[in-house]
Amino acid sequence: MTEALTEIGVIILAAGQGTRMKSGLPKVLHKIGGKPLFLHVLKTAKLLRPQRVAIVVGHGADAVRRAYGGSDVIWVTQEEQLGTGHAVLSTKRNFADFPGDLLILSGDVPLIQERTLRSMVARHRKEQAAVTLLTAVLDEPAGYGRILRDGHGAVKASVEEKDATDEQRRIQEVNAGAYVAQGEFLFEALEQVKNDNRQGEYYLPDIAGIGLGQGRKIATVQVGDPKEMMGINTREELARMEKSLRERINKQWMDAGVTLKDPDTTYIEDGVAIGRDTIIGPNTQLCGRTVIGERCQIDGSAYVMDTQIGNDVHLLFSVVLMNSQAEQGAIIGPFAHLRPGTSLAANVHIGNFVETKAAIIGVGTKANHLTYLGDCTIGRDSNIGAGTITCNYDGFAKYKTQIGDRVQVGSDTTLVAPVTLGDDVYVATASTVRQDVPAGALVYNERQERVREGWTEKKRQKMKDKTK
Ligand code: UD1
Ligand code: CA
């Protein structure tokens, strides 16, 4: 008996369409913090280390399944959305042999917290309740089911707003839509739930009344911060939720020793990591699996996706970094674009209007101005002059450029790949390099430079005569 109580199963309801989102996507696939709503719920639920997790899908079932890569959940299809009670009942055979308690969550309530779920399970077990409801007291309870209590404060029922009397609608305590129920009781009670209500649906909260009818106990836990239990039904609520999540994540990073100059315009996705004493300026977006080291400085207007940055890196104003890496002491920007596959070793400088792609650049090398480095490797301590272009594409295929250590590439150079420059090569300014250059050599293009004195004056005169 005691052993069974340690077991916990999770059911996440995600079959609804979310009509008010006015969307081609099922509601739970809308994202906050870069992640679909239901995956926030799943992530939090997993912190309880449940033995079994079932997700009820219906609208856009395939897309919802695909949005989660893992294979550690059971997908249950609810063909017709006949209500939350019906949705839970559709998991009956998946939990027939399950001895523990079941935690039921909504896929559209993404900010629910682990400690809230834990306190629900603890209360449920302590009170040996048939079902434990999460409730919240709201200034504006409209839209939610209301909690009815008797004179002693014991729960009598949860009544949906559409079925409530005017008096009941004034009740501010609402059903937050998260439940813990004892498995056997749950499915037996759901079999008895009827749909004789204003919406013609099978309501999950009706199991409370059924429990009471059997003389069983119904427990409640009141949520600490009502933001946690907010559901999303409209795009406006989605935006508000995005903001709440952002505030929570930003606070967490500030608590961990990161300075955010303007938290209101700092967007850090769930899954990003940042080292202490890093300073982040306004309009910064850190996305995907980005990792930022310690003591980094991000001046602002930075978009960083799936990029790993070492300690003491400086991102100057306005940079875009995609799927790249930069080691300790690198300096990037302003106005630089690192495209996928860029890897900068320690102390590399990438300056204004420099674009890199699949570029592996060695320690201390600098490319400070107006340059495209694509499909190339560059050794250490080389200098790439302003206006250097790796011509990596001939319209059919991509080719590689290889540049050695301590190479000086003069300004306005085009390197026509495939091409290799050995160590210590000098490229004269304005060269087009089409052939490999051995170590230590100078490469330049023969070109005659001529000066015609007085040419401008003559030209102007000629143009004037013409227009007469
Ligand atoms: C529900 C509660 C309400 C509570 C509110 C809290 C019921 C009847 N009402 O209302 O008391 O205050 O949550 O947020 O439970 N779903 C399915 N299949 C269905 C119907 C719904 O999977 O047939 C899913 C939805 O996708 C959603 C969740 O269940 O993720 C909740 O359904 P929703 O229709 O949003 O219920 P509410 O009207 O918000
Ligand atoms: Ca809802």
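As a basis for the values below, the full set of heavy atoms in this structure was taken, side chains included, without hydrogen atoms, waters or symmetry mates. All ligand and atom numbering here is 1-based and tracks the order in the structure.
- In Leu82, the part holding a heavy atom less than 4.0 Å from any atom of ligand 1 is the backbone.
- For ligand 1, the atoms sitting less than 4.0 Å from at least one non-hydrogen atom of Gly145 are 3 (C), 4 (C), 11 (O), 12 (O), numbered in the order shown with element in parentheses.
- Of the candidates Thr84, Leu105, Ile11, Val41, it is Thr84 that places a heavy atom closest to atom 7 (C) of ligand 1.
- Close to ligand 1: Asp108, with a non-hydrogen atom less than 4.0 angstrom away.
- Backbone and side-chain nitrogen or oxygen atoms of Asn175 are examined, and one is located within less than 3.5 angstrom of a nitrogen or oxygen of ligand 1.
- In the displayed structure, Gln199 atom CD is contacted under 6.0 Å by more than 12 heavy atoms of other residues, nucleotides or ligands.
- Residue nearest to atom 24 (C) of ligand 1, selected from Leu13, Ile147, Val88: Leu13 (by heavy-atom distance).
- Residue Leu204 has no N or O atom closer than 3.5 Å to an N or O atom of ligand 1.
- Heavy-atom contacts from other residues, nucleotides or ligands closer than 6.0 Å to CZ of Arg295 number more than 12.
- Of the heavy atoms in Gln78, only side-chain atoms (C-beta onward) come closer than 4.0 Å to ligand 1.
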- Mind running side-chain hydrogen bond (donor to acceptor under 3.5 Å, both in side chains) on Lys162 and Asn197 for me, showing each step along the way? CA-CA 9 Å; Lys162 288 188 176 125; Asn197 51 54; over 6 Å; no
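- In terms of polar-atom proximity, Met229 is not counted as a contact of ligand 1, lacking any N or O under 3.5 Å from an N or O of the ligand.
- In terms of N/O distances under 3.5 Å, ligand 1 is not approached by Val28.
- Using a 4.0 angstrom heavy-atom cutoff, Gly83 counts as in contact with ligand 1.
- At a 4.0 Å heavy-atom cut-off, ligand 1 touches Pro205 through the side chain alone.
- Within the 4.0 Å heavy-atom criterion, the part of Ala87 lying near ligand 1 is the side chain and not the backbone.
- For ligand 1, the atoms lying closer than 4.0 Å to a non-hydrogen atom of Ser106 are 28 (C), 31 (C).
- Atoms of ligand 1 found under 4.0 Å from any heavy atom of Ala176 (numbered from 1 in listed order, with element): 6 (C), 14 (O).
- Between Phe335 and Phe353, the ring planes are parallel. Angles under 30° get that label, and only those over 60° would be called perpendicular.
- At a heavy-atom cutoff of 4.0 Å, ligand 1 is contacted by the side chain of Glu160 but not by its backbone.
- At most 12 non-hydrogen atoms from other residues, nucleotides or ligands lie less than 6.0 angstrom from CZ of Arg289.
- Annotation: Arg169, atom CZ; neighbour count of heavy atoms from other residues, nucleotides and ligands within 6.0 Å is above 12.
- Residue-environment remark: NZ (Lys35) exceeds the threshold of 12 foreign heavy atoms within 6.0 Å.
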- Taking it one step at a time, do Glu247 and Lys243 satisfy salt bridge (charged side-chain N to carboxylate O under 4.0 Å, His left out)? CA-CA 6 Å; Glu247 283 166 1; Lys243 189 157 183 255; 3.7 Å; yes
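- Against a heavy-atom cut-off of under 4.0 Å, Gly107 is close to the following atoms of ligand 1: 30 (O).
- A cation-pi contact, defined as under 6.0 Å to the ring centre and within 45° of the axis, links Lys398 to Tyr393.
- Heavy atoms from other residues, nucleotides or ligands lying under 6.0 Å from NZ of Lys31 number 12 at most.
- Using a 4.5 Å cut-off on side-chain heavy atoms (C-beta onward), Phe185 and Arg216 make contact.
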